[in-house]
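Taking it in order: structure first as structure tokens, then the write-up.
Proteins come first, then strands; the chains are lettered A, B, ... in the order of their sequence lines, and each starts at number 1. What you are looking at is a predicted structure, and each value in this text was computed from that prediction instead of being measured.
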2 protein chains.
Amino acid sequence: MKRRNTPTKEAVLSVITKAGQAMSQDAIEGEISIDINRATIYRVLNRFCEDGVLHKVIAEDGKQYFALCDGCDETHQMHQHFHFKCTVCETLECLPNEVNFSIPNGYHVENVNCVLTGVCKKCS
Amino acid sequence: MKRRNTPTKEAVLSVITKAGQAMSQDAIEGEISIDINRATIYRVLNRFCEDGVLHKVIAEDGKQYFALCDGCDETHQMHQHFHFKCTVCETLECLPNEVNFSIPNGYHVENVNCVLTGVCKKCS
DNA sequence: ATAATATTGCAATGTTGTTGCAATAAATTA
DNA sequence: TAATTTATTGCAACAACATTGCAATATTAT
Ligand SMILES: [Mn+2]
Ligand SMILES: [Mn+2]
Ligand SMILES: [Zn+2]
Ligand SMILES: [Zn+2]
């Protein structure tokens with residue numbers, strides 16, 4: 001399953017990179033110049049997640065947001081940082097703050113999803 | 001909008017209380033003895049949330065889980081604790097661990113949704 | 001008992017995300 | 001360059017979860 005380079009992949013990654021924040025599928029489709037099918041966008045995004053290019057965040061609206069990874073690869077995924085979702089401008093951004101937790105014995109944590117919701121700096 | 005007591009409300013709250021953990025709509029419908037409409041269950045649950053009886057958690061599957069509140073009322077809602085969702089038994093529980101975070105100046109946090117996903121003690 | 005209105009059931013609708021399959025296009029090989 | 005392989009895409013259908021409008025019902029107050 002070797003990856004291939006396509007205009008679609010480049011366009012999707014370009015939009016997310018320019019935005020500088022996490023984006024949902026519909027936001028990406030809205031910002032992208034070329035016309036790409038909804039299902040294709042999801043498949044591209046999920047493949048990027050598998051490859052450690054993006055990571056997925058579930059916000060309080062239950063939607064998936066995709067953000068650029070910083071220092072991840074297929075094996076090492078460190079996404080233990082907080083995210084902030086603004087209820088006004090609807091954007092979701094990665095915060096630098098690390099998530100610290102300690103869980104009871106016997107529990108195995110495989111994934112962390114921490115989202116703070118409120119009003120961002122720009123919208124205050 | 002004064003609340004009224006109904007068998008439906010009592011049944012829903014009873015199921016969640018007995019379970020001792022957060023539950024989704026379909027889990028509640030599965031455990032409940034009487035037959036209650038799906039939409040009604042959601043309305044009952046959301047009203048409980050408004051009244052500070054329950055709180056809502058969004059898990060990594062994007063689904064809503066409802067858990068008993070401990071020390072909440074309509075005005076003071078302190079749900080800044082972690083939650084753990086087991087991928088094996090599919091249960092979601094409130095952890096005692098408090099969520100500590102500090103955010104950049106100008107940001108206003110109104111809600112916290114922190115879910116750790118993995119394998120719980122029982123399923124390990 | 002009557003009146004007011006909160007609650008419910010039902011069906012329809014909305015939203016988000018996934019999947020099967022045939023067509024297309026990127027990468028490899030000859 | 002031309003042929004081959006197969007990853008990628010578009011389309012349509014499907015699935016899961018949640019919400020909404022409206023008429024019927026049940027609870028509470030008078
Ligand atoms: Mn992030
Ligand atoms: Mn909780
Ligand atoms: Zn904002
Ligand atoms: Zn478990």
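Between B:His55 and B:His81, the ring planes lie perpendicular to each other; the angle is over 60°, past the 30° to 60° tilted range.
Looking at B:Arg43, its side chain has no donor and acceptor atom pair within 3.5 Å of the base of D:dT19.
With B:Thr87 contributing its side chain and B:Val119 its backbone, the two residues share no donor-acceptor pair below 3.5 Å. The closest donor-acceptor contact from the side chain of B:Asp61 to the backbone of B:Lys63 lies under 3.5 Å.
Residue contacts shown for A:Asn5 are limited to sugar-phosphate atoms, with no base heavy atom under 4.0 Å away. Residue B:Asp35 is in sugar-phosphate contact alone, with no base atom involved, counting any heavy-atom pair closer than 4.0 Å across all strands shown.
Remark: C1' of D:dT19 and CG of B:Asp26 are 16 Å apart, rounded to the nearest angstrom. Protein atom CD1 of B:Ile36 is 7 Å distant from nucleotide atom P of C:dG9, rounded to whole Å. Between the CD1 atom of B:Ile32 and the C1' atom of C:dT8 there is a distance of 13 Å, given to the nearest Å. Here C:dT16 presents its P atom at 11 Å from CD of A:Glu29, a figure rounded to the nearest Å. The distance between atom CZ of A:Arg3 and atom P of D:dT9, rounded to the nearest whole Å, is 10 Å. Note: CG (A:Leu45) to C1' (D:dT8) measures 14 Å, nearest angstrom. Between the NZ atom of A:Lys63 and the P atom of D:dT19 there is a distance of 15 Å, given to the nearest Å. For the pair A:Glu50 CD and C:dT18 C1', the interatomic distance rounds to 14 Å; values are reported in whole Å.
Taking the side chain of A:Arg47 as heavy atoms from C-beta on, and the options D:dT9, C:dT7, C:dC10, the nearest nucleotide is D:dT9. The side chain of B:Thr8 approaches C:dT8 more closely than any other nucleotide in the set C:dT7, C:dT16, C:dT8. Among the nucleotides D:dC17, C:dG17, D:dT6, the one closest to any side-chain atom of A:Tyr42 is C:dG17. If you check D:dT28, C:dT8, C:dA11 against the side chain of B:Ala39, the one that comes closest is C:dA11. The listed nucleotides are C:dT8, C:dT16, C:dT18; the one nearest the side chain of A:Asn46 is C:dT18.
Nearest-nucleotide mapping onto DNA chain D: of B:Lys2 and B:Gln64, the residue sitting toward the 5' end is B:Gln64. The residue among A:Pro7 and A:Arg38 whose nearest nucleotide of DNA chain C lies closer to the 5′ end is A:Arg38. Of the residues near DNA chain D, B:Gly62 and A:Thr40, the one whose nearest nucleotide (by heavy atom distance) lies more toward the 5' end is A:Thr40.
For A:Phe84 and B:Tyr107, the ring centers sit closer than 6.0 Å to each other.
The side chain of B:Arg4 contributes no N or O atom lying less than 4.0 Å from OP1 or OP2 of D:dA26.
More than 12 heavy atoms of other residues, nucleotides or ligands lie within 6.0 Å of CD in B:Gln21, so this atom counts as buried by the packing criterion.
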